[in-house]
Amino acid sequence: MNTFLIKFVVALSVVLLVAFVSLGWKAGIIVACSVPLTLSGVSLYMGMEHIGLDRISLGALILSLGLLVDDAIISIEAMVVQLELGRSREEAASFAWSHTAFPMLTGTVLTVISFLPVGLAQSTTGEYAGEIFWVSGAALLFSWIVAVVFIPFLGVHLLPESKKHRSVSYEHGVTTLLRLILGTSLRYKKTVAGGTVLLLVLSCGGFLFVDQQFFPQSDRPEVIVDVAMPPGTGLGETNKAVRILEKRLMGSPALRHMEAHIGDGAPRFYLPYAPATPSAAHATLLLVAQDLTAREDLIHQIEGLSLPVGVHLHVQRLSLGPTADFPVQYRIVGPDPETLRSLAQEVDAILRDTEGAVSVQADWGNRTPSLTLDADAEKLAYFETDRVSVAAQLQAAISGEVAGDIPDGHHHIPVLVRASRAVRADPGVWRNLPIVTGAAVVPLSQLGTLRVTNDFPILWQRKGELCMTVQSGVATGIQPATVVERATPAIEALRKRLPAGYRLETGGDVELSSTADNAIFAFLPLTGGLMLLVLMIQLQSFSRSLLVLFSAPLGLIGMVSGLLMTGAPFGFVALLGLIALAGMIMRNTILLVDQIQFNHSNSVSLHDAIIDATLGPVRA
């Protein structure tokens with residue numbers, strides 16, 4: 001929380017510094033006043049809607065920051081230009097209202113609509129990040145109110161009165177250069193348009209070389225280590241393995257705190273973290289490093305440990321958003337466990353040969369010896385009992401059954417009734433376990449035959465079908481989508497020769513990302529239709545409305561270039577930034593198109609109308 005607030009203050013300071021430098025100190029003070037006014041309104045709204053300050057709401061404010069100040073800058077710049085043309089402060093304020101208020105409102109509404117899919121998306125990610133739509137929408141609408149009501153009011157009282165008429169007072173070195181560039185661009189408009197389209201096409205092609213990411217990793221120092229023993233392992237053996245790990249990690253200079261949870265996952269201390277399914281063959285180590293550098297050192301230390309046979313570790317860093325426990329997953333679905341196991345071994349081999357995949361394992365584990373009772377239906381009927389009753393009594397004798405509890409202060413200690421340890425530990429005597437039936441108490445051997453089999457301890461199902469999942473982590477610095485992309489040729493070859501009735505599905509972060517994107521894309525037709533409707537109401541021209549809509553994709557040129565130069569991945573958070581960027585571009589385009597239309601309607605040639613409309617708000 002403190003980190004986000006610091007970043008917000010720094011970003012706000014940079015924006016205000018630019019406003020002071022470009023507009024002057026009086027106009028800069030007015031712009032600065034718009035920020036607390038807007039944030040006060042947003043705070044009231046968040047309080048009424050019970051929206052707290054968290055990563056999502058603060059992120060929404062940061063995404064909206066440029067627009068929050070931009071409205072005020074556009075309004076005050078319109079007044080400054082009119083004052084430089086010799087008009088009074090009241091006339092300048094009236095001009096700012098009449099010429100910028102409604103185009104700005106249209107642009108603000110467009111930006112709010114662009115976040116609509118995030119707020120309405122029916123997915124886990126939409127539920128997690130839905131506040132972005134509501135907080136951003138409130139911030140943008142409050143900023144428009146401040147820009148068209150309070151900024152002109154402050155401008156009338158704080159801006160200096162114009163002393164003389166200076167029709168081109170803002171024509172200095174920068175605007176002279178810009179006028180030359182604009183004139184040249186209009187002279188060679190076909191070349192400029194063709195070059196822009198070419199850059200857009202190249203950017204779309206360059207997007208293929210940008211790493212894909214669902215949510216970035218958290219900057220928290222915790223490390224989650226899942227310890228997986230062979231299925232069927234008892235708590236005692238799992239505890240022994242964990243003690244070995246604790247002894248090897250104890251005293252590490254990178255470690256600040258360590259705790260172990262045997263048979264269960266760690267408590268859900270962090271929203272995106274999903275605790276593991278409780279199992280006697282599973283344990284979770286929660287490690288807290290000294291700092292982020294120590295966290296990476298600790299992970300390298302864990303990955304270099306030599307482990308007892310059968311012990312598998314899965315190391316996780318926390319994520320900033322919803323994520324799978326294993327970021328790379330492949331599900332094999334079909335009717336026969338043996339065939340599933342055979343196919344899973346092929347997928348396992350593919351992942352082990354894929355660069356970047358680590359800790360490869362299957363969720364079923366290996367077959368283990370087990371005792372199976374083949375109940376005799378005739379004897380069950382003779383002794384007036386059934387399989388359910390026999391199974392319940394075996395469960396009570398071997399695993400135990402809660403018969404009550406003992407109060408202990410604020411807690412209750414359960415009383416577990418079961419057979420003695422000697423009986424439970426010796427399957428050879430189970431055939432003599434007494435079973436209560438409707439006719440008499442008989443030994444288990446009278447009701448059926450016990451035999452030793454090799455079975456999977458757990459058979460996982462998905463939507464009623466048997467499903468075996470092969471999963472892996474990813475190496476440091478590698479994105480899950482990159483690992484999936486590298487494994488795709490071999491996975492597709494395997495998918496083509498699957499037996500009838502079997503299918504291979506991709507899960508993990510790639511599936512979660514696709515689900516989140518599809519939930520957003522489902523609302524794009526509605527979003528596009530609403531945008532076009534708002535534009536038609538404002539511009540009253542289908543061609544000009546399309547011009548504004550088609551300007552939005554041009555943000556890809558700068559976005560892809562920036563991602564490729566910095567090596568940053570494109571994920572859900574970057575998608576939100578791209579949506580905000582598209583809203584800003586369309587809003588500025590609306591203001592420009594509206595001003596061009598106004599200039600052209602005043603008997604100014606289209607060439608001069610375009611240049612004047614661009615140069616007027618150049619500082620904004």
Side-chain angles (χ1 to χ4, degrees), residues 1-5 7 51-63 118-119 121-135 211-226 257 259 261 264-278 282 284-289 291-292 295-296 298-299 313-329 358-359 363 469 471-474 476-481 483-484 507-520 568-577:
M1 185 69 67
N2 290 336
T3 302
F4 264 78
L5 288 174
K7 290 181 179 179
I51 299 175
L53 281 177
D54 51 41
R55 287 186 183 274
I56 302 302
S57 58
L58 284 172
L61 291 175
I62 291 177
L63 278 175
V118 181
Q122 300 298 312
S123 67
T124 303
T125 306
E127 181 180 356
Y128 179 79
E131 286 180 358
I132 286 179
F133 168 69
W134 304 105
V135 176
D211 288 337
Q212 302 298 303
Q213 181 187 64
F214 186 31
F215 273 95
Q217 293 175 352
S218 171
D219 54 0
R220 293 175 64 107
E222 289 90 352
V223 177
I224 308 295
V225 182
D226 287 317
H257 172 75
E259 61 184 54
H261 300 266
D264 201 354
R268 193 165 194 170
F269 64 94
Y270 181 66
L271 180 61
Y273 167 66
T277 304
H282 181 275
T284 298
L285 280 176
L286 174 57
L287 311 177
V288 182
D291 50 39
L292 292 183
R295 183 187 72 177
E296 299 306 313
L298 190 60
I299 291 174
L313 300 184
H314 174 49
V315 184
Q316 299 182 66
R317 302 171 182 84
L318 295 176
S319 171
L320 285 181
T323 185
D325 50 353
F326 282 84
V328 177
Q329 295 182 2
V358 297
S359 303
D363 61 348
T469 303
Q471 49 203 9
S472 79
V474 295
T476 303
I478 303 295
Q479 300 298 332
V483 175
V484 171
D509 280 6
V510 171
E511 182 184 45
L512 290 175
S513 179
S514 176
T515 302
D517 291 343
N518 291 337
I520 290 177
F570 180 83
F572 187 79
V573 177
L575 176 62
L576 298 178

Query - For the student: nearest non-hydrogen atoms of His282 and Ala276, plus distance - result: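 Minimum heavy-atom contact is CE1-CB, 3.3 Å.
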Query raised in the report: What closest approach, in Å, do Tyr273 and Pro275 show between heavy atoms, and which atom pair accounts for it?
Result: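 The answer is O-CD, 3.5 Å.
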Query raised in the report: For the side-chain contact (heavy atoms from CB on, under 4.5 Å) test, which of Leu320, Leu318, Val288 pairs with Arg220?
Result: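 Answer after filtering Leu320, Leu318, Val288: Leu318.
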Query - Matching residue for Pro480 among Pro327, Ser472, Ser513 - test: side-chain contact (heavy atoms from CB on, under 4.5 Å) - result: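 When side-chain contact (heavy atoms from CB on, under 4.5 Å) is applied between Pro480 and each of Pro327, Ser472, Ser513, only Pro327 qualifies.
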Using modelled atom types and a 3.5 Å cut-off, is there a donor and acceptor pairing between side-chain atoms of [X] and backbone atoms of [Y]?
X      : Y      : answer
Arg268 : Ala274 : no
Thr284 : His261 : no
Ser57  : Asp54  : yes

Requested in this report: Find out whether Tyr270 and Glu222 are in side-chain contact, i.e. whether some heavy atom of one side chain is under 4.5 Å from a heavy atom of the other.
Outcome: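 They are not in side-chain contact.
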What's the separation between atom [atom1] in [X] and atom [atom2] in [Y], rounded to the nearest 0.5 Å?
X      : Y      : atom1 : atom2 : value
Asp517 : Leu575 : CG    : CG    : 6.0 Å
Leu286 : Ile224 : CG    : CD1   : 4.5 Å
Gln479 : Gln217 : CD    : CD    : 7.5 Å
Asp219 : Asp291 : CG    : CG    : 12.0 Å
Leu58  : Ile132 : CG    : CD1   : 11.0 Å
Asn518 : Glu511 : CG    : CD    : 10.5 Å

**Report entry** side chain to side chain donor-acceptor pair (under 3.5 Å) evaluation trace for Asp363 with Gln471
**Finding:** CA-CA 8 Å; Asp363 61 348; Gln471 49 203 9; 5.7 Å; no
Report task. Please list, chain by chain and in numerical order, all residues satisfying ring pair (Phe, Tyr, Trp, His ring centres under 6.0 Å) with His314, sequence neighbours excluded. Result ->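 Ring pair (Phe, Tyr, Trp, His ring centres under 6.0 Å) list for His314, sorted by chain: Phe326.
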